[in-house]
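Here's the structure, in structure tokens; my notes come after.
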Protein chains: 2
Amino acid sequence: MSAPRRHVIRPATLEAIVEAAIRVLNANAGATMSEIAVQAGVGRATLHRHFRTRDDLVSAIGIRCIEDMNAAVRAQATAGQRAVDRLRNMFRAVIPLGDRYSFLGTNYTDDRRVDEGYGTQLEWAVALVEDLKEQGDVGRDVPSAWVVAQIDQLVWTAWNAVAEGYLSADEATELAVRTLTVGLR
Amino acid sequence: MSAPRRHVIRPATLEAIVEAAIRVLNANAGATMSEIAVQAGVGRATLHRHFRTRDDLVSAIGIRCIEDMNAAVRAQATAGQRAVDRLRNMFRAVIPLGDRYSFLGTNYTDDRRVDEGYGTQLEWAVALVEDLKEQGDVGRDVPSAWVVAQIDQLVWTAWNAVAEGYLSADEATELAVRTLTVGLR
DNA sequence: CCGGTTTGAGACATTGATGTCTCAAATTGC
DNA sequence: GCAATTTGAGACATCAATGTCTCAAACCGG
């Protein structure tokens, strides 16, 4: 006897849930399934039909965030580029996903796939920082952990600036590169 | 007939609760009263005896955070100082309170006193940014909102660096000033 | 040492969110 | 237009966290 047919959600419904969940949970990590459903414009039963538990939903969104971020980073051509140009390209690709960074920071899920994905991002960032130091765009005296932390925060503050409307995406990218390398003087 | 005697908590107990609540709620904004009590080394009944509700506790901690931050900023002598020195002094005073910044960011409470206190901090920061621009430490082309956002995030990442142990408090202060003004090159 | 006060443990009631289920309505593709 | 499928609303059960209360134990200042 076959297992009960698993629910197949419509792609547009799933996208609405993912975007709504990121928005609502970034604002309040304790938001209820009801709040997420309302914001997504779907019924709460639809969430429960597709995700086994609230934790399952948060994990699934976390995995989606990591996949989106890794896809954005992977999509860049890096061969032969100067480190500072790779930094600029990375910011250009990743700043629009700043809300996903924030989601992963505030809605931690003890999920192997999220941990692995985050580790991939970290490795990529550390390699970039080593090259920035090698090419003189970042001083060798600066702890790499500090540089990585600054890059992380710049992604988020730049995303916020674009969301608030006082910077365009291009302006945000340039200001992020400038802030990290030569500062605001 | 007089009202029932209000519970008077011991100062050491209250401090333990405040510090534990900041630590636990920074890690997980949805942490339970039980988790806070365990971390504080007190009984859950003690929390309920002193705070009417969980929301009341979160509000009270938020007010404490704002008061601590405003006290730190107010304690500085600023008359006659260059803007960059005021920036350095502000970082030195406020970085140890980075966990309080974070608390206010992630555990927003719709409380008039928290809003007012935050407004005071913001006014102070904007005035400092104007002076930094006036004295050439920050370019006039940079949006003030961007500079304020960077200062905010530097407080948090510097606090984290000290907590993680790869920077001393003095190193964190200097690196924060450097990152904002001349960058990491 | 003692009186007054605070506190912790645990029992218990309440509450709100989650999770399950059913059925009519809506949607979609042919 | 119809069949197959997904979805929303709402009823209902479950569960975990909150909130209340009592009493013995612990604490502290005089």
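Proteins come first, then strands; the chains are lettered A, B, ... in the order of their sequence lines, and each starts at number 1.
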Tell me whether A:Glu19 is salt-bridged to A:Arg23, with the criterion being a basic N under 4.0 Å from an acidic carboxylate O.
no

Cut-off 3.5 Å, side chains only: do B:Asn89 and B:Arg92 have a donor facing an acceptor?
yes

OP1 or OP2 of D:dT7 less than 4.0 angstrom from a side-chain nitrogen or oxygen of A:His7, does that happen here?
yes

Distance in angstrom units between B:His50 NE2 and C:dG8 C1', rounded
17 Å

Closer than 4.0 Å, any side-chain N/O of A:Thr46 to the OP1 or OP2 of D:dT6?
no

Should A:Glu15 and A:Arg64 count as an ion pair when the cut-off is N to O under 4.0 Å?
yes

Whole angstrom is fine here: how far is it from CG in A:Leu14 over to P in D:dT6?
13 Å

Identify whether the distance between the nearest side-chain nitrogen and carboxylate oxygen of A:Arg88 and A:Asp85 falls below 4.0 Å.
yes

note: B:Ile9, atom CD1; C:dT5, atom P; distance rounded to Å ~ 17 Å

Going by atom types alone, do A:Gln121 and A:Tyr101 pair a side-chain donor with an acceptor below 3.5 Å?
yes

Rounded distance (Å) that lies between atom P of C:dG8 and atom CD1 of B:Ile17:
8 Å

Contact letters for nucleotides 17-24 of chain C, in which S counts primed atoms plus P, OP1 and OP2 and B counts the base, heavy atoms under 4.0 Å
SBBBBB--

Between B:Gln135 (side chain) and B:Ala83 (backbone), is there a donor-acceptor pair under 3.5 Å?
yes

